[in-house]
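First listed ligand is number 1; within each ligand, the first listed atom is number 1. The structure displayed is predicted, hence computed values, not measured ones.
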Amino acid sequence: ALPAKMRSKDKIAYYYDGDVGGVYFGPNHPMKPHRLCMTHHLVLSYDLHKKMEIYRPHKAYPVELAQFHSADYVEFLHRITPDTQHLFSNELAKYNLGEDCPVFENLFEFCQIYAGGTIDAARRLNNQLCDIAINWAGGLHHAKKCEASGFCYINDLVLGILELLKHQARVLYIDIDVHHGDGVEEAFYFTDRVMTVSFHKYGDMFFPGTGDVKETGEREGKYYAINVPLKDGIDDTSFTRLFKSIISKVVETYVPGAIVLQCGADSLAGDRLGCFNLSIDGHAECVRFVKKFNLPLLVTGGGGYTKENVARCWAVETGVLLDTELPNEIPENEYIKYFAPEYSLRIPNGHIVCTFSEILCY
Ligand code: TV7
Ligand code: CA
Ligand code: ZN
């Protein structure tokens, strides 16, 4: 195979397992894995599968998950079921399982699939078998070594970065989910081998409450964690300007060997939990900007709670990574009903509102 720099087009690996779309967190829970199915059907309807390699991820083994998580926590996730959980109230509390992180049918298999996707993506990049690897099911950035947090059980991003560190001296982690990427920051807070940069809403008790600009890393990791706390309503102009100026400076000075980009879509306007005012084009502009550095790139999903918009956003971003612009009219497909009445790729009018946004701490 020709090396990347001698090929004219990037080679893209895309990880998807239809089984994740059937997972159900429970009544009223904002996290809806069905959005992954919707994303995949949009990708197929635009024929994007013809321009990339599609893989079904392996189900990560408990020992692989224990590269970051404690063995007892992994063992508990493996063992617990909705029928037996009433017998384990102490452990449920210890591992922070409950309302935000419920125990549901096939929970462990769900974790194995989304983590397997991010691990496989990192390995394929390491072996230079692709330039960009995508796992929309991944990006669960809140999970901690010994506990679940904020809809996240296993931290696939940390596992993917640990895999990349086997081949790279330095990895840059960028997080545009509306929430602070606390689990990834914490995992690498004391090392200079990973630089973490999170953009997020901060203040008014917004979850998880961390991510002050003054949190910058400690010991060897001092100045290798960057936090960009933002207020409600930030728009495309302010967000992309900030994003580009920070990320270009970081790449220039840190010189990473690979980049991991968490593309949480809850930073879009009209999200059920988020409070930013980004359009899909603004969100995708960040992805386009990161792609231009031509470094091995691992792209994941993350949050995103207005599922029609999540699917639109990640389909557009799959197109951006493939250098393919998608026509605004959504092609006929078996999921088209979700995109009624306009059947368009842009967020329907009324979602993006005009507000004055001001950036905290800058
Ligand atoms: C990456 N916000 C994850 C973001 C995780 C946010 C939270 C909910 C929520 C949970 C529900 C539910 C909800 C409408 C929204 C302090 C609490 C308040 C539980 C009800 N409806 C990501 C996590 C955040 C669960 N958690 O970054 C079941 O909102 O704010 C909190 C914590 C205590 C627990 N309660 C919420 O995007 C993937 N949870 C309905 C049913
Ligand atoms: Ca973030
Ligand atoms: Zn989020």
Side-chain angles (χ1 to χ4, degrees), residues 20 23-33 35-36 82 92-93 96-104 107 110-111 114-115 118 135-144 147-158 172-186 195-213 215 225-232 234 239 242-243 246-247 260-276 278 283 286-287 290 299-307 309-310 313-314 359-360:
V20 288
V23 164
Y24 185 54
F25 276 61
N28 299 318
H29 198 290
M31 180 55 100
K32 301 194 182 318
R35 69 208 175 116
L36 300 165
L92 291 174
N96 197 29
L97 298 167
E99 273 188 301
D100 271 354
C101 303
V103 174
F104 51 76
L107 165 61
F110 172 70
C111 294
Y114 79 73
T118 303
N135 178 28
W136 294 126
L140 301 193
H141 58 178
H142 298 304
K144 308 288 157 58
E147 66 177 55
S149 173
F151 319 163
C152 309
Y153 303 81
I154 290 294
N155 200 317
D156 61 295
L157 295 155
V158 171
L172 171 60
Y173 172 72
I174 307 171
D175 184 319
I176 59 170
D177 191 289
V178 75
H179 297 97
H180 177 225
D182 59 345
V184 184
E185 178 183 281
E186 185 178 301
M195 169 96 97
T196 61
V197 186
S198 177
F199 298 80
H200 46 265
K201 153 78 181 176
Y202 182 74
D204 316 321
M205 310 270 279
F206 196 71
F207 187 84
T210 48
D212 192 300
V213 75
E215 258 169 51
I226 296 181
N227 284 297
V228 189
L230 302 163
K231 285 188 181 176
D232 291 18
I234 190 166
F239 192 91
L242 248 180
F243 184 87
I246 292 169
I247 297 303
V260 176
L261 177 59
Q262 196 271 21
C263 296
D266 47 7
S267 43
L268 292 174
D271 188 80
R272 184 174 159 206
L273 298 190
C275 52
F276 287 173
L278 299 186
H283 200 272
C286 299
V287 177
V290 172
V299 179
T300 73
Y305 306 100
T306 301
K307 60 183 189 162
N309 291 346
V310 177
C313 181
W314 292 344
I359 299 146
L360 246 184

Among Gly150, Gly138, Cys152, closest by any non-hydrogen atom to atom 3 (C) of ligand 1
Gly150

Suppose we measure from atom 6 (C) of ligand 1 to each protein heavy atom; which comes out shortest, and what is that distance?
Phe207 CD2, 3.6 Å

Proximity of Phe151 and His29 rings by center, below 6.0 Å:
yes

Identify the closest protein heavy atom to atom 33 (C) of ligand 1: which residue and atom is it, and at what distance?
Asp100 OD2, 4.5 Å

Mind listing the closest non-hydrogen atom pair of Gly303 and Gln262 along with its distance?
N-NE2, 4.3 Å

I'd like to know if the Ca ion (ligand 2) has an N/O/S atom from Phe199 within less than 3.0 Å of it, counting both backbone and side-chain atoms.
yes

Return the CD1 to CG distance between Ile247 and Leu261, rounded to the nearest 0.5 Å.
8.5 Å

What are the atoms of ligand 1, with element, lying closer than 4.0 Å to any heavy atom of Leu273?
2 (N), 14 (C), 15 (C), 29 (O)

Closest N/O/S atom of Asp266 to the Zn ion (ligand 3), by atom name?
OD2

Does ligand 1 have any atom that is closer than 4.0 Å to a heavy atom of Met31?
yes

Enumerate the atoms of ligand 1 whose separation from the nearest heavy atom of Asp266 is less than 4.0 angstrom.
37 (O)

Counting each atom of ligand 1 from 1 as listed, which ones have a heavy atom of His141 under 4.0 Å away?
1 (C), 22 (C), 27 (O)

For His200 versus His179, what's the shortest heavy-atom pair and its separation?
CB-C, 3.5 Å

Please note down the angle at the Ca ion (ligand 2) between O of Asp177 and OD1 of Asp175, to the nearest 10°.
100°

Taking the N/O/S atoms of Asp177 one by one, which is nearest to the Zn ion (ligand 3)?
OD1

Work out whether the distance between some heavy atom of Gly264 and some atom of ligand 1 is less than 4.0 Å.
no

Do any of the N, O or S atoms of His179 sit under 2.8 Å from the Zn ion (ligand 3)?
yes

Can you give me the closest heavy-atom contact between Asn309 and Leu268, atom names plus distance?
O-CD1, 3.8 Å

Should Asp177 be counted as touching ligand 1, given the test is an N or O pair under 3.5 Å?
yes

I'd like to check which ligand 1 atoms, numbered from 1 as shown, lie under 4.0 Å from a non-hydrogen atom of Asn28.
12 (C), 40 (C), 41 (C)

So, do Leu36 and Trp314 sit near enough that their side-chain heavy atoms are less than 4.5 Å apart?
yes

Strictly under 3.0 Å, is any N, O or S atom of Ser267 next to the Ca ion (ligand 2)?
no

Ring centres under 6.0 Å, that's the criterion: do Tyr202 and Phe206 meet it?
no

Shortest non-hydrogen contact from Thr210 toward Glu215
CB-OE2, 3.7 Å

For atom 4 (C) of ligand 1, which of the options Gln262, Arg272, His179 provides the nearest non-hydrogen atom?
His179

Geometric class of the Phe239/Phe243 ring pair [parallel <30°, tilted 30-60°, perpendicular >60°]:
parallel

Nearest heavy atoms of Val178 and Asp266, plus distance in Å
N-OD1, 3.0 Å

Can you list the ligand 1 atoms lying under 4.0 Å from a non-hydrogen atom of Gly303?
1 (C), 37 (O), 38 (C)

Sub-4.0 Å protein heavy atom near atom 22 (C) of ligand 1:
yes

Of all protein heavy atoms, the one nearest atom 12 (C) of ligand 1 is Pro30 CD, 3.5 Å

What orientation do Phe25 and Tyr153 show, parallel under 30°, tilted 30 to 60°, or perpendicular over 60°?
tilted

Report the part of Pro102 in contact with ligand 1, treating N, CA, C, O as backbone and CB onward as side chain, heavy atoms under 4.0 Å; options are side chain, backbone, both, neither.
neither

Carboxylate-amine/guanidinium contact Lys231 Asp204, below 4.0 Å
no

Are any N, O or S atoms from His179 nearer to the Ca ion (ligand 2) than 3.0 Å?
yes

When the aromatic ring centroids of His142 and Phe207 are compared, is their separation below 6.0 Å?
yes

Check: Tyr305 N/O within less than 3.5 Å of ligand 1 N/O
yes

Shortest non-hydrogen separation from Cys275 to Asp232 and the atoms involved:
SG-OD1, 3.5 Å

Please check atom 16 (C) of ligand 1 for a protein heavy-atom neighbour under 4.0 Å.
no

